[in-house]
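Quick caveat: nothing in here was measured; it's all calculated off a predicted structure.
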Amino acid sequence: MSDIKAALLAQAIETPSWAYGNSGTRFKVFAQRGVPRDPYEKLADAAQVHAFTGAAPSVALHIPWDKVDDYADLAAHASNLGVRIGAINSNVFQDDDYMLGSVTSPDARVRRKATDHLLECVDVMDATGSDTLKLWFSDGTNYPGQDDIRSRQDRLAESLAEVYDRLGEHQRFLLEYKLFEPAFYTTDVPDWGTAYAHCVKLGPKAQVVVDTGHHAPGTNIEFIVAFLLREGKLGGFDFNSRFYADDDLMAGAADPFQLFRIMFEVIRGGGYTEDVAFMLDQCHNIEPKIAGQIRSVMNVQEATAKALLVDRAALAAAQSAGDVLGANGVFMDAYNTDVRPLLAEVRAEQGLDPDPMAAYARSGYFEKIAAERVGGAQAGWGA
């Protein structure tokens, strides 16, 4: 049990800056009280998640949503709050020029603009000390014949190569894929195979990130995880939940068993290290922002604890013997274990309240920011 506790203490789950701002559906963004008005206030909120969970030491930024004049000062502010800047996320999907694509656009001027933004994000990495750039492209087409499918892959490869060459020695980029939306006929990076192929061609500093909401219903995500780990190309996760497509709901909310299965493959495949980033990618549209992040971190911790409890020796023996029900039973015994007392004990040993949600509610932090953050423009991603 001491080994399991040590593994849980080592877990780090990155929270996204955009989760603390206003968000909503494609039809409406819903404003809430106390929402941050700038990246500095976002970091302050993220620091609360880490303070109550002890497991969220880094914060992902999104450029230009989190653009500031002095990124070194922003990084210093994060450090003073007890957190650090994590992955830098690019944005080549919220500009009128990108209507027909960004790095895959048929217009060379637009492709140059998009690639220059990606290079700017590497500059932000340099200034903040970040080692990870996350790339997601909404590029694709809506109609047959709209553009040449192969040419768009050539344009994508050209841009990725330029960004790859710009990376520092200890920097990397993670290429994200998405099944569909907003492109509905072809999507230029629609699946893990496409992302994997581009990353393999580029080299070791290019890896794949798995967003758990970016798959067709019924997709075996843990198989993808196992394969990418086997090939040394799994760079990280964007954890969230979905009931239909890219819902970006709280991790573990829709299918906690799936999250458990994924974490088991991470642990079994040697991916439970600093080399695989555990990041949240969620938009809290109707639930409180900070509490939603705390609950999400706890959900990932619970899935991880259950995965660590799998009796690997008993599982291997049952598998070798062809004992189908026995092997499944080992799996289910771990999943059905109530790990909340274990996690409460781990938090107590860290000097934290065993119940982060209750402790945050008692802290009065929300009431404080709701009263203070009056006036100015609330942060959000627009719709």
Side-chain angles (χ1 to χ4, degrees), residues 11 13-14 87 89 132-138 140 153 156 160 172-181 183 186-249 251-282 296 299-300 303-304 306-308 310 312 315 319 327-328 331 334-335:
Q11 186 170 40
I13 302 163
E14 186 164 295
N89 291 252
T132 299
L133 171 66
K134 190 133 66 67
L135 304 175
W136 174 69
F137 302 100
S138 66
Q153 289 298 311
L156 171 64
L160 291 177
R172 63 175 177 168
F173 74 59
L174 306 184
L175 182 57
E176 186 173 355
Y177 57 91
K178 187 176 183 181
L179 179 65
F180 72 99
E181 189 192 40
T186 62
T187 301
D188 291 327
V189 190
D191 51 43
W192 69 271
T194 305
Y196 172 74
H198 280 285
C199 289
V200 166
K201 186 173 183 179
L202 287 166
K205 292 188 287 188
Q207 296 177 299
V208 181
V209 63
V210 175
D211 185 305
T212 50
H214 286 188
H215 304 84
T219 298
N220 190 315
I221 299 175
E222 55 268 32
F223 170 82
I224 299 170
V225 170
F227 184 92
L228 291 174
L229 276 170
R230 182 175 182 270
E231 299 300 314
K233 279 297 181 181
L234 179 66
F237 291 93
D238 277 356
F239 282 130
N240 52 53
S241 281
R242 61 84 181 271
F243 285 98
Y244 174 63
D246 187 24
D247 303 340
D248 280 350
L249 301 175
D255 188 353
F257 185 45
Q258 179 190 68
L259 184 56
F260 158 76
R261 300 192 310 265
I262 290 170
M263 288 309 305
F264 173 77
E265 290 302 332
V266 169
I267 293 164
R268 180 259 176 271
Y272 195 65
T273 70
E274 293 181 355
D275 296 330
V276 176
F278 301 127
M279 300 176 280
L280 302 179
D281 181 11
Q282 302 171 185
S296 299
N299 288 350
V300 175
T304 303
K306 291 181 178 186
L308 288 165
V310 173
R312 299 270 294 278
L315 181 64
Q319 291 170 340
N328 179 250
F331 229 59
Y335 177 69

Peer 1: Could you tell me whether the side chain of Lys134 and the main chain of Asn89 form a donor-acceptor pair under 3.5 Å?
Peer 2: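 Judged by distance alone, no pair lies under 3.5 Å.
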
Peer 1: Under the criterion side chain to side chain contact (heavy atoms under 4.5 Å, CB included), which of Leu160, Val208, Leu156 is the partner of Val189?
Peer 2: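 The option that passes is Leu156.
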
Peer 1: Look at the rings of Trp136 and His214 and say which category their plane angle falls in: under 30° parallel, 30 to 60° tilted, over 60° perpendicular.
Peer 2: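 If you compare the ring of Trp136 with that of His214, the planes turn out tilted.
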
Peer 1: So, for Cys199 and Ala206, which heavy atoms are closest and what is the spacing to 0.1 Å?
Peer 2: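 What the structure gives for the nearest pair is CB-O, 3.5 Å.
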
Peer 1: Find out whether Leu280 and Val300 are in side-chain contact, i.e. whether some heavy atom of one side chain is under 4.5 Å from a heavy atom of the other.
Peer 2: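 They are in contact (side-chain heavy atoms under 4.5 Å apart), so the answer is yes.
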
Peer 1: side-chain contact (heavy atoms from CB on, under 4.5 Å) with Phe243: which residues, sequence neighbours excluded?
Peer 2: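 If we apply the side-chain contact (heavy atoms from CB on, under 4.5 Å) test to Phe243, skipping adjacent residues, the hits are Asp247, Leu249, Ala254.
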
Peer 1: Going from OG1 on Thr219 to CG on Leu179, what distance comes out if it is rounded to the nearest 0.5 angstrom?
Peer 2: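 CG of Leu179 is found 7.5 Å from OG1 of Thr219.
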
Peer 1: Which heavy atom of Ala327 sits nearest to which heavy atom of Gln319, and what is that distance?
Peer 2: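 Heavy atoms of Ala327 and Gln319 come nearest at CB-CG, 4.1 Å.
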
Peer 1: Where do Lys233 and Gly203 come nearest, in terms of heavy atoms and distance?
Peer 2: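 Heavy-atom minimum between the residues: NZ-O, 2.6 Å.
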
Peer 1: What's the shortest heavy-atom distance between Gly140 and Ala183, and which atoms?
Peer 2: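 Looking at all heavy atoms of both residues, the shortest contact is CA-CB, 3.5 Å.
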
Peer 1: With heavy-atom distances below 4.5 Å as the criterion, would you say the side chains of Leu174 and Met279 are in contact?
Peer 2: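 Touching, per the 4.5 Å side-chain cut-off.
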
Peer 1: Does the side chain of Gln153 reach to within under 4.5 Å of the side chain of Asp188, using non-hydrogen atoms?
Peer 2: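 Result yes, sub-4.5 Å side-chain heavy-atom pair found.
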
Peer 1: Heavy-atom distance under 4.5 Å between the side chains of Ile224 and Tyr177, does that happen here?
Peer 2: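 Result yes, sub-4.5 Å side-chain heavy-atom pair found.
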
Peer 1: What distance separates Lys178 NZ from Asp238 CG, expressed to the nearest 0.5 Å?
Peer 2: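 Separation between the atoms: 11.0 Å.
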
Peer 1: Is there a donor-acceptor contact under 3.5 Å from the side chain of Ser241 to the main chain of Gly252?
Peer 2: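 Pair found, side chain donor or acceptor close to backbone of Gly252.
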
Peer 1: Is any side-chain heavy atom of Thr304 closer than 4.5 Å to a side-chain heavy atom of Phe278?
Peer 2: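 They are not in contact (no side-chain heavy atoms under 4.5 Å apart), so the answer is no.
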
Peer 1: Return all side-chain donor-acceptor pairs below 3.5 angstrom for residues 258-274, not counting sequence neighbours, or 'none' if the list is empty.
Peer 2:
from, atom 1, to, atom 2, distance (Å)
Arg261, NE, Glu222, OE2, 2.5
Tyr272, OH, Ala7, O, 2.8
Thr273, OG1, Asp275, N, 3.1

Peer 1: Roughly how far apart are Thr212 OG1 and Phe237 CZ, rounded to 0.5 Å?
Peer 2: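 Output value for this atom pair is 8.5 Å.
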
Peer 1: Answer yes or no: is there a side-chain heavy-atom contact under 4.5 Å between Leu135 and Phe173?
Peer 2: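 Leu135 reaches Phe173 side chain to side chain.
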
Peer 1: Are Thr194 and Thr187 side-chain neighbours, meaning at least one heavy-atom pair lies under 4.5 Å?
Peer 2: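 No, too far: nothing below the 4.5 Å cut-off.
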
Peer 1: Distance-only, no hydrogens or angles: does the Gln282 side chain make a donor-acceptor pair with backbone N or O of Ala251 under 3.5 Å?
Peer 2: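 Yes, the answer is positive, given that a donor and an acceptor are paired below the 3.5 Å cut-off.
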
Peer 1: Output yes when a side-chain donor or acceptor of Glu181 lies under 3.5 Å from a complementary backbone atom of Asp246, and no otherwise.
Peer 2: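 Checked: no pair found.
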
Peer 1: Is a donor from one side chain sitting under 3.5 angstrom from an acceptor on the other, for Asn240 and Asp281?
Peer 2: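 Asp281 and Asn240 do not have a side-chain donor-acceptor pair below 3.5 Å.
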
Peer 1: With the side chain counted from C-beta on, respond yes when Leu228 and Gln207 share a heavy-atom pair under 4.5 Å apart, and no when they do not.
Peer 2: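 When only atoms from C-beta onward are counted, Gln207 and Leu228 do not touch, as no gap falls below 4.5 Å.
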
